[in-house]
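Here's the structure, in structure tokens; my notes come after.
All residue numbers in this chain count up from 1 along the given sequence.
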Amino acid sequence: MKIAIGCDHGGLHLKQEIKELLSTLGHEVEDFGTHSTESCDYPDYAEKACKKVQDGNAEIAILVCGTGLGMSIAANKMKDIRAVVCGEEFSAYHAKSHNNANVLCLGERVVGVGLAILIVDTFLNASFEGGRHERRVNKIAQLESSLFE
Ligand code: RB5
């Protein structure tokens with residue numbers, strides 16, 4: 001799977017761990033930074049990684065900041081992006097199976113590396129169920145379209 005990843009200074013270490021996991025699993029990973037612990041602005045990295053998803057050049061994006069919250073707020077301002085913050089596996093599974101989320105956000109200051117890896121693994125292995133959930137996701141898209149009218 002093609003996966004775009006990004007982080008700010010608060011998510012650098014966890015992003016690195018996730019990048020290694022994804023590469024080990026055989027995924028094609030594009031890393032949009034940041035690459036240092038120097039303070040930076042998470043919306044810049046959310047934008048870069050999510051653009052890849054919007055363009056169809058990545059199936060999903062994984063974004064890491066201190067809490068995952070700023071990344072998800074920024075990502076959800078972008079058309080066709082359904083970003084979720086997950087701190088446990090149950091939500092990660094349903095984010096994909098029910099909400100067809102295409103961006104997973106994690107908080108390095110919230111979850112440890114071990115839990116984060118389980119969350120990523122769960123998200124990657126879940127599939128959108130469609131059916132009644134498709135109707136609901138379509139309604140989200142309609143809400144989004146109304147913003148641009
Ligand atoms: C940076 O200090 C921190 O605010 C950021 O990583 C993130 O947690 C924002 O939501």
Side-chain angles (χ1 to χ4, degrees), residues 1-12 14-19 21-23 25-35 39-111 115-149:
M1 191 188 294
K2 284 187 180 177
I3 303 176
I5 61 172
C7 69
D8 71 355
H9 55 287
L12 182 69
L14 182 56
K15 184 197 69 179
Q16 200 53 38
E17 296 279 352
I18 291 169
K19 187 176 178 180
L21 168 78
L22 297 175
S23 301
L25 292 174
H27 296 290
E28 195 179 317
V29 182
E30 197 167 357
D31 184 351
F32 289 92
T34 188
H35 301 289
S39 182
C40 63
D41 301 334
Y42 54 81
D44 298 339
Y45 302 93
E47 182 183 9
K48 287 179 195 176
C50 290
K51 267 207 155 73
K52 281 278 161 175
V53 177
Q54 284 182 318
D55 297 347
N57 292 317
E59 211 167 304
I60 63 161
I62 299 178
L63 301 172
V64 191
C65 63
T67 58
L69 298 172
M71 283 293 195
S72 69
I73 293 169
N76 278 316
K77 297 294 178 197
M78 297 177 68
K79 192 172 179 336
D80 299 326
I81 296 298
R82 292 176 299 280
V84 290
V85 190
C86 292
E88 31 69 36
E89 294 157 82
F90 184 84
S91 297
Y93 177 79
H94 288 92
K96 183 69 83 59
S97 63
H98 284 193
N99 310 122
N100 203 16
N102 51 15
V103 178
L104 174 64
C105 303
L106 295 160
E108 179 178 314
R109 298 170 188 160
V110 182
V111 293
L115 178 57
I117 283 173
L118 287 176
I119 291 168
V120 169
D121 207 46
T122 301
F123 187 78
L124 293 177
N125 287 310
S127 307
F128 184 47
E129 287 177 15
R132 68 188 189 280
H133 301 296
E134 181 147 37
R135 185 180 69 239
R136 293 161 188 168
V137 170
N138 287 341
K139 287 186 178 185
I140 295 172
Q142 281 168 20
L143 286 174
E144 186 178 69
S145 306
S146 68
L147 294 175
F148 300 99
E149 277 169 3

Donor-acceptor contacts under 3.5 Å from residues 60-76 side chains, at least two apart:
| unit_1 | atom_1 | unit_2 | atom_2 | d |
| --- | --- | --- | --- | --- |
| Thr67 | OG1 | Leu69 | N | 3.0 |
| Ser72 | OG | Gly68 | O | 3.4 |
| Ser72 | OG | Leu69 | O | 2.8 |
| Asn76 | OD1 | Ala83 | N | 2.8 |
| Asn76 | ND2 | Ser72 | O | 3.1 |
| Asn76 | ND2 | Ala83 | O | 3.0 |

Check your understanding: Is any side-chain heavy atom of Ile18 closer than 4.5 Å to a side-chain heavy atom of Val29?
Key -> no

Check your understanding: Which residues pass the salt bridge (Lys or Arg N to Asp or Glu O under 4.0 Å) test with Glu30, sequence neighbours left out?
Key -> Lys52

Review point. Donor-acceptor pair, Asp8 side chain versus Gly10 backbone, under 3.5 Å?
Key: yes

**Study point:** Spacing of CD1 belonging to Ile117 relative to CG belonging to Leu21, to within rounding of 0.5 Å
**Key:** 5.0 Å

Practice item. Output all residues satisfying salt bridge (Lys or Arg N to Asp or Glu O under 4.0 Å) with Lys2, sequence neighbours left out; order by chain, then residue number. Key: none

Check your understanding: Are the side chain of Asn102 and the backbone of Arg82 linked by a donor-acceptor contact shorter than 3.5 Å?
Key -> yes

Output side-chain donor-acceptor pairs under 3.5 Å for residues 103-110, partner residues at least two apart or in another chain, one line each.
| unit_1 | atom_1 | unit_2 | atom_2 | d |
| --- | --- | --- | --- | --- |
| Glu108 | OE1 | Leu12 | N | 3.4 |
| Glu108 | OE1 | His13 | N | 3.1 |
| Glu108 | OE1 | Leu14 | N | 2.9 |

Study note, to complete from the structure: Those residues at least two apart in sequence (or on a different chain) that pass side chain to side chain donor-acceptor pair (under 3.5 Å) with Ser91 are Glu88

Revision key, fill the gap. Sequence neighbours excluded, the answer for side chain to side chain contact (heavy atoms under 4.5 Å, CB included) partners of Asp31 is Ile5, Lys15, Lys19, His35

In a table with atom names and distances, give each donor-acceptor pair under 3.5 Å that connects a side chain of residues 121-137 to protein atoms at least two apart or in another chain.
| unit_1 | atom_1 | unit_2 | atom_2 | d |
| --- | --- | --- | --- | --- |
| Thr122 | OG1 | Leu118 | O | 2.7 |
| Asn125 | ND2 | Asp121 | O | 2.9 |
| His133 | NE2 | His98 | NE2 | 3.4 |

Practice item. Would you confirm whether Glu144, through its side chain, and Asp80, through its main-chain N or O, come within 3.5 Å as a donor-acceptor pair? Key: yes

Study note, to complete from the structure: Interatomic distance, SG@Cys40 vs NE2@His9, rounded to 0.5 Å, equals 6.0 Å

Practice item. Could I get the full list of salt bridge (Lys or Arg N to Asp or Glu O under 4.0 Å) partners for Lys96, not counting sequence neighbours? Key: none

Study note, to complete from the structure: Closest heavy-atom pair, Val84 versus Ala101, reported as atoms and distance to 0.1 Å, is CG2-CB, 3.9 Å

Revision key, fill the gap. Nearest heavy-atom contact between Tyr45 and Phe32 is CD2-O, 3.3 Å

Revision key, fill the gap. Residue set satisfying ring pair (Phe, Tyr, Trp, His ring centres under 6.0 Å) with Tyr93, at least two apart, ordered chain then number -> none

Check your understanding: Listed by chain and number, what are the salt bridge (Lys or Arg N to Asp or Glu O under 4.0 Å) partners of Lys48, not counting sequence neighbours?
Key -> none

**Study point:** Closest heavy-atom pair and its distance - Ile119, Gly87
**Key:** CD1-C, 3.5 Å

